[in-house]
Amino acid sequence: MTAHIEAKKDEIAEIVIMPGDPLRAKFIAETYLKDVKLVNQIRNMYAYTGYYHDKKLTIMASGMGMPSIGIYSYELYKFYDVKTIIRVGTAGSYSKDLNLYDLVLVNASYSDSSYAKVQNKNEEDTIKASFSTNLYITQTAEEKNFHVSIGNVYSTDVFYKENDNFKRIIQEKGCGACEMESFALFHNAKTLGKNAACLLTISDSLVTGEETTPEERQTAFIQMIELALDSSLKM
Ligand code: HPA
């Protein structure tokens, strides 16, 4: 038990699949896992542990933003001996080549957040996902015939910006999309010697202004979840 997670140590699996939304964690667990147990309810940040084809997995929500995923991922890695966290989330597209519902596997995350500097004086502004975890995910995507774009994303602290200078971020940092959590997750994994990956579906486009509804996101979301779940079987 930690300040934010009430689960007993053996109630959390070595691999955690982490959506932002607690109700998505509930949906994934109830749809795909056998022998499911709800192991965290503090702040309604639900965590469920069960079995996917005999592999013990935990599905736990991260909440929104780097401070939130920073807390949960740190506690899971450090106090629950979690080895791998796969974030499954949504992103806004910065590129004409990334359309609504496209699936993205993050290679590296760029951020102007202070998270890494404040956490342990890490001055890097770009942190990579774990090589081996990404390899398992790309192999699984090939086997399933899923198209996945691999690229860098901008992990931002601010959703509503007065001046969104995203052209600079595309040109200088090579980011095709933005989200709000992967940089802190990758930093924690790197700092603690653990694995992290991030799969995203494009939910809105900053190029075309198109947006998806929560219902419309479901199909793309299911592809992403099945890719994360099946990849975990290789780990
Ligand atoms: N900005 C930041 N995070 C996001 C967005 C966005 O436009 N879309 C989905 N996650």
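Just so you know, these numbers use all the heavy atoms, side chains as well, and skip hydrogens, waters and symmetry mates. Both ligands and their constituent atoms are indexed starting at 1 by order of listing.
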Can you name the residues that come within less than 4.0 Å of ligand 1, going by heavy atoms only? Thr90, Ala91, Gly92, Phe159, Cys178, Glu179, Met180, Ser203, Asp204, Leu206
Would you mind reporting whether Leu105 and Asn134 have side-chain heavy atoms less than 4.5 Å apart? yes
Set of residues satisfying side chain to side chain donor-acceptor pair (under 3.5 Å) with respect to Gln41, sequence neighbours excluded: none
Members besides Met180 in its Ile/Leu/Val/Met/Phe/Trp/Tyr cluster (side-chain heavy atoms under 4.5 Å): Phe159, Tyr160
Under 3.5 Å: donor-acceptor pair, side chain of Tyr77, backbone of Asn195: yes
Could you check Tyr154, Tyr94, Tyr110 and say which one makes a ring-ring contact (aromatic ring centres under 6.0 Å, His included) with Phe166? Tyr94
Qualifying residues under side chain to side chain donor-acceptor pair (under 3.5 Å), relative to Glu181, sequence neighbours excluded: Arg87
